[in-house]
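Some notes on the structure that comes next.
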Number of protein chains: 2
Amino acid sequence: MNLKQLSDLLGLSQTTVSRALNGYPEVAEATRLRVETAARVHGYIPNTRARSLATGRAMSIGHVIPISTKHEMVNPIFADFIAGAGEHYARAGYDMHLIVVPDAEEARTYRALAARRNVDGVIVHAPRVHDPRLPLLREIGLPFVVHGRDSGETAPYSWLDVNNRRAFARATGFLLDLGHRRIALINGLEYMDFALRRRDGFLRALADRGIAADPALMRADEMTEPNGYDAARAMLAAPDPPTAFVVSSIISAMGVRRAIQERGLRMGADVSVIAHDDELSYFRNADGAGIPIFTATRSSVRQAGRQAAEMLLSIIEKPEPDPLTRLFEAELTLGRSTGPRREGD
Amino acid sequence: MNLKQLSDLLGLSQTTVSRALNGYPEVAEATRLRVETAARVHGYIPNTRARSLATGRAMSIGHVIPISTKHEMVNPIFADFIAGAGEHYARAGYDMHLIVVPDAEEARTYRALAARRNVDGVIVHAPRVHDPRLPLLREIGLPFVVHGRDSGETAPYSWLDVNNRRAFARATGFLLDLGHRRIALINGLEYMDFALRRRDGFLRALADRGIAADPALMRADEMTEPNGYDAARAMLAAPDPPTAFVVSSIISAMGVRRAIQERGLRMGADVSVIAHDDELSYFRNADGAGIPIFTATRSSVRQAGRQAAEMLLSIIEKPEPDPLTRLFEAELTLGRSTGPRREGD
DNA sequence: CCCGAATATCAAAGCGCTTTGACAGCCTTG
DNA sequence: CAAGGCTGTCAAAGCGCTTTGATATTCGGG
């Protein structure tokens with residue numbers, strides 16, 4: 001069933017039917033009603049491609065997820081972010097287009113994306129420092145919103161991000177308040193912008209108390225469970241082990257917990273851990289009773305997805321001269337993984 | 001730069017330019033070369049929407065990911081599967097379209113998807129038993145490949161799946177060989193088809209040795225770390241605890257391991273665990289030395305994604321009367337989480 | 001040297017929709 | 001009652017591409 005068939009059926013012109021369906025004012029209310037019921041009855045739904053060819057709007061948003069060719073990893077927060085964004089798109093009548101880009105072919109892929117005009121804008125995931133995608137997208141003229149920020153980028157752009165620096169400074173400060181002095185940082189890869197900010201926050205909190213950071217207690221790697229385990233195990237086995245950990249992800253924190261337990265120590269009593277919790281659906285940070293397992297800096301990545309979608313659509317639908325930005329504060333939620341430094345440590 | 005501009009520039013008709021670019025034989029080789037270089041130089045890339053309006057092919061595949069409204073969870077294997085599929089699409093010149101569907105609105109969403117004609121086919125994720133999506137898609141006439149199977153579906157359809165029944169039977173058999181008799185199953189939600197098959201395999205292996213299954217040792221739930229922990233903890237605290245676990249996911253297995261350690265037991269020595277390993281990029285089942293942590297039934301979900309994409313494209317490009325099916329055998333890889341039953345248990 | 005086949009190119013129709021500009025018909029208003 | 005303003009509807013152009021059917025051009029063979 002296409003527009004022509006429907007309008008023939010109704011004895012109206014395609015123009016009138018199209019207008020009726022798209023809510024234009026110049027069609028009589030009685031006609032609109034007649035058209036709408038006919039459309040419903042016959043299951044008429046406009047062909048997206050024809051429509052977007054005519055309007056110039058693709059009604060589709062691209063999500064560009066970089067696959068690090070080195071590690072072949074997909075960011076685990078990606079699925080939840082997508083789910084959040086998808087909710088908003090569905091409401092707004094947009095489609096979601098996924099573009100999996102090996103970092104080697106970024107430029108080519110983006111140019112093709114823009115030329116082929118099948119998305120109205122993109123969400124940029126996992127920005128690095130001096131991320132080449134931002135100037136590229138600007139040059140191409142494709143609207144975009146970045147999930148995260150790029151400290152290396154000087155020109156303004158739209159982004160939303162959690163206050164990573166503040167969150168990690170607070171987490172570290174909290175551990176210092178508990179008396180800890182040997183605090184380790186298990187971070188993500190530090191060419192990722194968020195990881196750099198977290199590191200900054202960590203270092204700043206230490207510096208504020210006049211404590212020198214120990215490079216042996218800082219590790220940056222892909223945020224997997226085994227990596228968390230390996231890092232923590234090595235540190236705990238060293239001569240002057242940490243009494244507390246700040247960890248960039250719940251996933252690596254699970255590895256840290258394993259290393260702690262394996263050493264016969266109790267998390268929360270002997271060793272404290274604060275993790276960053278993105279509220280991933282498969283790692284709800286809560287025990288059966290709903291009490292958080294990890295003390296955590298918390299910020300829902302799913303919620304971020306919803307907001308990113310909302311921002312991008314608003315930019316596309318009515319472009320503003322100034323870019324949109326949104327900064328979330330992470331909550332610091334108390335769980336059972338932190339406690340005062342034990343005497344003698 | 002569009003086709004008209006390019007052909008004007010070259011002094012050729014749009015027809016010739018289009019044919020030259022699309023590899024039709026009726027254009028002189030010299031002309032083709034001239035056209036191709038001009039296209040490259042001026043960065044001409046055909047507008048997808050116009051092209052697919054003309055050809056009737058969307059050059060786009062939909063991935064329908066159900067969001068269980070109850071749990072608001074996104075299947076964690078989804079990201080890796082997508083990454084694998086994405087690789088193949090990129091090679092074949094297809095786009096990937098994501099459709100996040102709350103299970104309540106399935107029918108409506110699919111019908112709209114088909115009517116709007118913006119995908120040439122879909123991959124169905126996470127089939128349930130008697131999944132309504134299969135008959136629906138067949139009725140609509142949209143080509144599809146199911147990742148997994150639907151035991152409740154009698155009509156033939158294209159699918160690819162891992163031999164879950166066999167894998168879990170082997171895993172259980174292996175534990176029986178090691179002398180274990182009290183073996184627990186920590187499964188996924190059993191309205192999911194894969195979970196049901198795993199359960200079957202588990203039960204069959206027990207039955208083959210004449211061992212009665214103990215309902216107290218069987219649990220089906222969302223495969224999260226806390227759920228694995230809760231289930232294992234409860235079982236280990238009961239009067240006649242299991243000496244081994246078969247677990248449907250590496251993620252819940254991490255919870256099981258936690259419960260074991262917390263009880264002061266050693267995984268692999270006091271209690272054995274076999275997990276199903278989808279080779280998720282963030283949960284590589286290996287320690288620093290590359291030795292698997294968990295003994296596991298292993299099958300790469302990323303590889304499955306690649307294959308699913310390949311199957312679907314082949315179905316779309318040259319439809320066969322019979323559906324395509326592909327069954328993988330999971331490897332049973334020995335890690336350090338299994339060992340013989342201890343005396344006296 | 002002409003004819004017919006093969007080769008290279010083209011004009012135009014069509015994909016299904018939106019949107020512009022025009023046009024009937026009707027109602028006010030002076 | 002004519003002029004002018006609304007209303008509701010329409011025909012047709014256009015979005016950028018592919019593809020059909022036709023038309024030049026070339027070439028070898030009789």
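Just so we're clear, the structure is a prediction, and the values are computed from it rather than from any experiment. Below, chains carry the letters A, B, ... as their sequence lines are ordered, and counting in each starts from 1.
Between Lys4(B) atom NZ and dG16(D) atom P there is a gap of 11 Å when expressed in whole angstrom units. Rounded to whole Å, atom P of dG14(C) lies 18 Å from atom CG of Asn47(A). One interatomic measurement links the two molecules: CG of Leu53(B) to P of dG14(D), which rounds to 17 Å at whole-angstrom precision. Separating the CG atom of Leu10(B) from the C1' atom of dA8(C) is a distance of 15 Å, rounded to the nearest angstrom. Rounding to whole angstrom units, CG of residue Asn118(B) and P of dG16(C) are separated by 14 Å. Distance, Met1(A) CE to dC17(C) C1': 15 Å, rounded to whole Å. Put simply, CE on Met59(B) is 15 Å from P on dC17(D), counting in whole angstrom units. Look at CG on Leu12(B): it is 15 Å from C1' on dA24(D), rounded to the nearest Å.
Residue-to-nucleotide proximity on DNA chain D shows that, of Arg49(B) and Val17(A), the 5′-proximal contact is made by Val17(A).
Remark: aromatic rings of His97(A) and His97(B) are close, center separation under 6.0 Å.
In this structure, the helix from dC1(C)-dG30(D) to dG30(C)-dC1(D) shows an angle of 60° between the axis at its start and the axis at its end, each fitted on 5 base pairs and rounded to 10°.
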Checklist entry - Just by protein heavy atoms under 4.0 Å, how would nucleotides 18-26 of chain C read 5' to 3' in B, S and -? => result BBBB-----

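Screening residues 137-155 of chain B for salt bridge (charged side-chain N to carboxylate O under 4.0 Å, His left out) gives Arg111(B)-Glu139(B), Arg138(B)-Glu153(B), Arg149(B)-Asp161(B) as the qualifying pairs, with residues at least two apart or on separate chains.
In this structure, Ile65(B) and Val100(B) have side chains that are in contact, with non-hydrogen atoms separated by less than 4.5 Å. Contact check for Val122(A) versus Arg133(A): no side-chain heavy atoms found under the 4.5 Å cut-off. Inter-residue side-chain proximity for His125(B) and Asn75(B) is flagged as unmet; no heavy-atom pair is nearer than 4.5 Å. Looking at heavy atoms from C-beta onward, Val17(B) lies out of side-chain contact with Tyr44(B) at the 4.5 angstrom threshold. Between Leu313(A) and Ile61(A), some side-chain heavy-atom pair lies under the 4.5 Å cut-off.
The CD atom of Gln307(A) sits 14.0 Å away from atom CZ of Arg302(A), with the distance rounded to the nearest 0.5 Å.
Across all strands shown, Ser52(A) has no heavy atoms under 4.0 Å from either base or sugar-phosphate atoms.
By the neighbour-count criterion of 12 heavy atoms within 6.0 Å, atom CZ of Arg306(A) is densely surrounded, having more than that number from other residues, nucleotides or ligands.
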